[in-house]
Trainee: 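The following block contains the structure, expressed as structure tokens.
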2 protein chains.
Amino acid sequence: MSGEEKKRIPKTTVYRLSVYYRALSNLEEEGVDSISSADLSEIAGFSAAQIRKDLTYYGQFGRPGRGYVVSHLKSQLRTILGIDRDWSVALVGVGRLGRALLAYKGFRKQNFIIEAAFDNDPEKVGKEFSGVRVYHQDEMDKVIRSKKIEMGIVTVPEEVAEIIVAKLIDAGIKAILSFAHLPSIFSNGIKVNQVDLSIEMEGLSYYLTHSK
Amino acid sequence: MSGEEKKRIPKTTVYRLSVYYRALSNLEEEGVDSISSADLSEIAGFSAAQIRKDLTYYGQFGRPGRGYVVSHLKSQLRTILGIDRDWSVALVGVGRLGRALLAYKGFRKQNFIIEAAFDNDPEKVGKEFSGVRVYHQDEMDKVIRSKKIEMGIVTVPEEVAEIIVAKLIDAGIKAILSFAHLPSIFSNGIKVNQVDLSIEMEGLSYYLTHSK
DNA sequence: CTTTGTGAAGTGATTCACAGCA
DNA sequence: TGCTGTGAATCACTTCACAAAG
């Protein structure tokens with residue numbers, strides 16, 4: 001009754017917002033405090049009209065004759081993109097790649113906080129890697145629910161990836177980043193992001209990672 | 001004079017072909033040898049008409065009344081997607097994440113062969129990790145050219161990522177997968193894939209990884 | 001004068017629906 | 001009968017162009 005949508009937002013708009021966000025972050029570091037859609041267009045690689053249209057789906061952030069205030073627009077985009085808060089994450093599979101990702105600072109920088117890791121190797125259970133405690137896989141459901149974890153990173157061998165993903169979904173997780181191949185479809189509306197090197201060169205071009 | 005295009009192929013078609021390819025791989029493992037666009041639609045999550053349209057941009061692979069032969073279509077897609085041959089890859093930054101990726105078997109499975117690694121730490125130069133020789137970063141240009149390497153994986157700290165990417169481009173590399181944040185635009189027509197955790201949940205949805 | 005925000009126009013992508021083949 | 005391949009129709013997205021605001 002109340003939540004009425006105004007306009008149809010194109011599917012690719014949110015992706016472009018993330019590009020604008022990154023461009024603005026760079027501009028802010030360079031000390032630029034205001035920018036026009038025309039100038040942002042040069043940096044972000046989308047047309048000025050496109051940028052203005054994308055932004056006005058969410059509000060009026062600019063001022064005619066002046067352009068957009070970098071810090072203000074950036075913070076608006078943080079809210080729109082949902083990166084204005086922390087996301088709690090669990091990592092399953094504390095192998096070589098798993099441990100590297102636990103140590104990888106990039107996640108934390110983007111407000112993804114890894115709260116727990118899981119493995120079925122008794123050697124690893126109870127230990128900490130990069131400050132993250134490893135639990136046994138049997139405890140997945142319990143720990144994920146009690147810590148209210150929202151997202152899972154899957155770095156287990158391909159053979160078991162599908163089972164792990166099913167377990168994560170059962171535990172109520174809302175998004176998954178998988179480094180193993182998975183069947184394309186999980187029905188429950190869960191998004192599985194698959195990190196999967198594909199090709200983006202010589203005229204060929206498809207997404208290296210995609211989401212369904 | 002000779003290379004005349006027939007039809008305009010939508011930008012997202014190639015991405016969808018990669019989804020079809022993965023679905024077909026699973027079907028082949030399950031012993032399915034023939035499938036209709038309607039059934040593939042169920043698995044791949046795109047409409048049957050969409051699937052037929054996408055495929056006919058590249059040829060006529062099906063038979064009326066019968067559908068598509070899984071093994072045949074799969075091999076056609078391999079060719080279209082450019083994954084019917086090996087791609088030679090260099091990895092720059094033999095840190096924790098770099099070594100994990102060197103050990104990661106997923107790349108080789110997709111015909112990405114890591115031919116060389118680079119680091120500026122004298123301790124690492126000359127050593128091998130997972131069978132890959134580490135060279136000094138000063139040798140990047142020479143090694144990449146002599147081994148005819150086409151793609152680079154960047155796992156260096158964020159501060160130097162931009163310089164490394166510039167060097168790779170100078171060395172003639174055609175595609176880059178970067179785990180560090182980078183400015184949005186590299187002009188030379190090089191594709192930079194940035195692995196960059198973003199959000200794909202609760203109505204929010206943008207690409208975890210994107211390419212420009 | 002500069003630049004936003006936005007309806008209208010134009011372009012591009014998807015779905016429809018069916019002729020034709022197996 | 002079953003299903004592909006494809007023009008035509010529909011739907012979605014982007015660009016144009018300009019009124020209004022600073």
Trainee: Nearest heavy atom decides the nucleotide; on that basis, is Pro10(A) or Ala49(A) closer to the 5' end of DNA chain D?
Mentor: Pro10(A)
Trainee: Over how many whole Å does the gap from Ile51(B) atom CD1 to dA13(C) atom C1' extend?
Mentor: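 To the nearest whole Å, that distance equals 16 Å.
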Trainee: Can you identify which nucleotide, out of dG5(D), dT4(C), dG20(C), has its nearest atom closest to the Arg52(B) side chain?
Mentor: dG5(D)
Trainee: Side chain of Thr12(B): nearest nucleotide among dT6(D), dG5(C), dA13(C)?
Mentor: dA13(C)
Trainee: dT14(C) phosphate, OP1 or OP2: any side-chain N/O from Tyr57(B) under 4.0 angstrom?
Mentor: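 Answer is no, no contact under 4.0 Å.
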Trainee: Could you state the atom-to-atom distance from CG of Leu17(B) to P of dA13(C) in whole Å?
Mentor: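 Value for this atom pair: 14 Å.
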Trainee: Answer with yes or no whether Lys53(B) presents, from its side chain, a donor or acceptor under 3.5 Å of a partner atom in the base of dT15(C).
Mentor: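 Answer yes: a donor N or O sits under 3.5 Å from an acceptor.
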Trainee: Does a side-chain N or O of Gln60(B) approach OP1 or OP2 of dT6(D) to a distance below 4.0 Å, or not?
Mentor: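 True: Gln60(B) side-chain N/O within range (under 4.0 Å) of dT6(D) OP1/OP2.
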Trainee: Between dG12(C) atom P and Lys11(B) atom NZ, what is the distance in whole Å?
Mentor: 8 Å
Trainee: Considering only dT3(C), dT15(C), dC13(D), which nucleotide approaches the side chain of Gln50(B) most closely?
Mentor: dT15(C)
Trainee: I'd like to know if the side chain of Arg16(B) pairs up with that of Thr12(B) as donor and acceptor (distance under 3.5 Å, no hydrogens or angles considered).
Mentor: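 Per modelled atom types, Arg16(B) and Thr12(B) side chains form a pair under 3.5 Å.
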Trainee: Should Arg66(B) be listed as having a side-chain N or O under 4.0 Å from OP1 or OP2 of dG2(D)?
Mentor: no
Trainee: Any idea which of dT4(C), dT6(D), dG20(C) is nearest the Thr56(B) side chain?
Mentor: dT6(D)
Trainee: Expressed as a whole number of angstroms, how long is the span from Ile9(A):CD1 to dT14(D):P?
Mentor: 12 Å
Trainee: Starting at OH of Tyr68(A) and ending at C1' of dG22(D), how long is that distance when rounded to a whole Å?
Mentor: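 Between C1' of dG22(D) and OH of Tyr68(A): 14 Å.
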Trainee: Return the value, rounded to whole Å, for the distance between atom CG of Leu40(A) and atom P of dT4(C).
Mentor: 10 Å
Trainee: Rounded off to whole Å, could you give me the CG-to-P distance for the Leu55(A) and dT6(C) pair?
Mentor: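 My rounded result for the distance is 11 Å.
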Trainee: Within less than 4.0 Å of OP1 or OP2 of dT15(C), is there a side-chain N or O belonging to Ser47(B)?
Mentor: yes
Trainee: Around atom CZ of Arg78(B), are there more than 12 heavy atoms of other residues, nucleotides or ligands at under 6.0 Å?
Mentor: yes
Trainee: If only atom types and distance count, is the side chain of Ser36(B) paired as donor or acceptor with the main-chain N or O of Gly67(B) below 3.5 Å?
Mentor: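 Looks like no, no N/O pair under 3.5 Å.
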Trainee: Does a nitrogen or oxygen in the side chain of Arg16(A) sit under 4.0 Å from OP1 or OP2 of dT14(D)?
Mentor: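 The answer is yes; a side-chain N or O of Arg16(A) sits under 4.0 Å from OP1 or OP2.
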Trainee: If we ignore hydrogens and angles and just use 3.5 Å, is the side chain of Ser88(B) paired with the main-chain N or O of Lys148(B) as donor and acceptor?
Mentor: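 Present.
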Trainee: Indicate whether OP1 or OP2 belonging to dC13(D) is found under 4.0 Å from a side-chain N or O atom of Tyr15(A).
Mentor: no
Trainee: Hey, are the side chains of Asp141(B) and Lys167(B) touching, using non-hydrogen atoms and a 4.5 Å cut-off?
Mentor: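 Result no, sub-4.5 Å side-chain heavy-atom pair not found.
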Trainee: Choose from dG5(C), dA22(C), dT3(C) the nucleotide whose nearest atom is closest to any side-chain atom of Arg63(B).
Mentor: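 Taking heavy atoms from C-beta onward, the closest nucleotide is dA22(C).
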Trainee: Have a look at Ser37(B) and say if it touches a base, only the backbone sugar-phosphate, or nothing, with a 4.0 Å heavy-atom cut-off.
Mentor: sugar-phosphate
Trainee: What is the minimum heavy-atom distance between Ile149(A) and Ala116(A), and which atoms define it?
Mentor: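 The pair with the smallest heavy-atom distance is CD1-CB, 4.1 Å.
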Trainee: Give the rounded distance in Å between these two atoms: CZ of Phe46(A) and C1' of dC13(D).
Mentor: 13 Å
